[in-house]
Amino acid sequence: MLIVGIGYPDTERFDVSRRARDYTPLPSGPAEDGSAQGGAERFLAFIEQTLKPAMAERFAVDTSREALMGHSYGGLFVMHVLQAAPQSFERYIAISPSLWWQHGQVLEALASQPDSPSVVAGRHVLIGVGELEQTPPPSEADTPRGQRKRAHAMVDNAGRAARVLQRLRPQWETRFEVYPGTHHGSVMWPAARQAIVFLAPWDMSGRDTNDRS
């Protein structure tokens with residue numbers, strides 16, 4: 001397995017403003033927080049035209065088994081690519097996708113896509129979210145942070161996205177996971193463990209371990 005992480009120079013952990021710019025599609029209206037947004041197409045073009053060729057020059061890449069994984073705004077980007085350019089990857093992993101962004105713009109685009117038999121086949125999707133991402137603890141119930149949690153409806157939105165895909169894309173494998181006892185930060189620990197299995201479904205015998213038949 002080859003894992004490629006995409007980050008930013010001189011950044012210790014997160015570059016919030018760059019993530020907001022690179023992982024969001026063009027907003028249908030003004031950005032809610034006034035930040036620079038709408039760079040998702042340019043970011044996907046960088047992956048397709050610059051990053052993938054660079055990796056292919058250095059490693060023996062099986063292009064039929066490429067995957068895209070992201071968390072939070074990164075998960076939103078995963079869902080956007082899945083909706084707008086599903087041919088880009090074979091597997092998609094969206095953890096805690098920020099589907100509340102722009103009043104649910106990406107989620108609505110996903111739900112309004114046509115149910116077409118000509119859609120690209122053989123896609124595998126894992127959407128995951130932390131159990132505690134939507135309901136604030138009692139100490140936060142009446143705080144702005146608690147109100148944001150309820151408004152963002154992370155669990156409900158992730159579940160709705162999975163149901164939409166299961167209905168409109170029955171030829172795809174779509175899984176939905178709620179990770180018990182985890183919040184927006186800690187969810188990546190169990191999610192990453194499951195992602196390894198989801199990304200490498202072939203065991204040593206050559207049998208596809210995702211095949212439950």
Side-chain angles (χ1 to χ4, degrees), residues 1 22-28 38 40-41 43-45 47-48 52 61-131 133-134 152-179 187-188 190-202 207-213:
M1 181 181 294
D22 289 339
Y23 298 163
T24 56
L26 284 173
S28 57
E41 297 308 320
F43 189 64
L44 179 59
I47 293 174
E48 294 285 7
K52 285 187 178 182
V61 177
D62 182 351
T63 57
S64 69
R65 294 176 59 187
E66 292 178 322
L68 179 66
M69 178 176 180
H71 169 255
S72 195
Y73 264 172
L76 180 75
F77 177 72
V78 170
M79 297 304 295
H80 168 68
V81 176
L82 182 63
Q83 180 269 321
Q87 72 280 359
S88 298
F89 295 89
E90 192 257 349
R91 292 176 187 260
Y92 290 83
I93 303 174
I95 305 302
S96 304
S98 299
L99 293 168
W100 51 265
W101 176 80
Q102 286 297 110
H103 307 289
Q105 177 180 319
V106 171
L107 183 53
E108 292 307 314
L110 196 72
S112 63
Q113 60 188 349
D115 182 8
S116 171
S118 63
V119 69
V120 61
R123 293 301 175 258
H124 303 267
V125 184
L126 171 61
I127 302 173
V129 66
E131 177 190 27
E133 292 196 59
Q134 183 166 313
H152 287 174
M154 297 290 287
V155 178
D156 290 348
N157 284 334
R160 181 189 172 199
R163 291 191 298 272
V164 164
L165 288 175
Q166 289 164 350
R167 174 173 55 86
L168 293 179
R169 300 290 183 260
Q171 66 273 54
W172 293 359
E173 175 199 20
T174 301
R175 302 185 191 181
F176 175 55
E177 297 286 345
V178 177
Y179 300 100
V187 68
M188 279 307 299
R193 287 194 296 269
Q194 185 178 20
I196 295 297
V197 177
F198 187 73
L199 291 172
W202 290 270
R207 179 177 177 272
D208 186 343
T209 56
N210 281 332
D211 183 0
R212 299 179 178 86
S213 61

Side-chain H-bond candidate by donor/acceptor type, H124 with E90, under 3.5 Å: yes

Among residues at least two apart in sequence or on other chains, which ones pass salt bridge (charged side-chain N to carboxylate O under 4.0 Å, His left out) with E108? R160

Hydrogens and angles aside, do Q105 and H80 bring a side-chain donor and acceptor to less than 3.5 Å of each other? no

Side-chain donor or acceptor of Q194 paired with backbone N/O of A191 under 3.5 Å: no

Output yes when a side-chain donor or acceptor of Y92 lies under 3.5 Å from a complementary backbone atom of P86, and no otherwise. yes

Closest non-hydrogen contact found for S112 with A109 is OG-O, 3.3 Å

Is Q113 close to R169 at the side-chain level, that is, under 4.5 Å between some pair of heavy atoms? yes

Any Lys/Arg nitrogen of K52 or E66 sitting under 4.0 Å from an Asp/Glu carboxylate oxygen of the other? yes

Output for pair (M79 CE, L99 CG), nearest 0.5 Å, gives 6.0 Å

For residues M69 and F198, determine if any side-chain heavy atom of one lies less than 4.5 Å from a side-chain heavy atom of the other. no

State the OG-NE2 distance between S96 and H152, to the nearest 0.5 angstrom. 12.5 Å

Which heavy atom of G70 sits nearest a heavy atom of V78, and at what distance? N-CG2, 3.4 Å

Test of understanding: with ring pair (Phe, Tyr, Trp, His ring centres under 6.0 Å), list the residues that count as partners of F43, not counting sequence neighbours. Y23, F77

With rounding to the nearest 0.5 Å, note down the distance linking CG in L44 to OG in S88. 4.5 Å

Report yes if the side chains of F89 and I47 come closer than 4.5 Å at any heavy-atom pair, otherwise no. yes

R175 and E177 ion-paired at < 4.0 Å: no

Do the side chain of E48 and the main chain of A45 share a donor and acceptor less than 3.5 angstrom apart? no

For the residue pair G128 and P97, what are the closest heavy atoms and their distance? O-CD, 3.8 Å

Let's go through L68 and R91 carefully: what are the C-alpha distance in whole Å and the side-chain angles of both, what is the deciding distance for side chain to side chain contact (heavy atoms under 4.5 Å, CB included) to 0.1 Å, and is it a yes or a no? CA-CA 6 Å; L68 179 66; R91 292 176 187 260; over 6 Å; no

Closest heavy-atom contact between A111 and V164? CA-CG1, 3.7 Å

Whether Q134 side chain and V155 backbone form a donor-acceptor pair below 3.5 Å: yes

Could you work out, with side chain to side chain contact (heavy atoms under 4.5 Å, CB included) as the rule, every residue matching T174, not counting sequence neighbours? V125, A162, L165, Q166, W172

Between W100 and M154, does a side chain to side chain contact (heavy atoms under 4.5 Å, CB included) hold up when you go through it step by step? CA-CA 7 Å; W100 51 265; M154 297 290 287; 3.6 Å; yes

How long is the gap from CG on L199 to CG on L126, to the nearest 0.5 Å? 8.5 Å

Under 4.5 Å between any side-chain heavy atoms of I95 and I93, yes or no? yes

Heavy-atom check, side chain of P27 versus side chain of W101, under 4.5 Å: yes

Just do the side chain to side chain contact (heavy atoms under 4.5 Å, CB included) check on V129 and F176 with the steps written out, would you? CA-CA 8 Å; V129 66; F176 175 55; 4.0 Å; yes

Residue pair G130 / E133: nearest heavy atoms and the distance that separates them: N-OE2, 2.6 Å

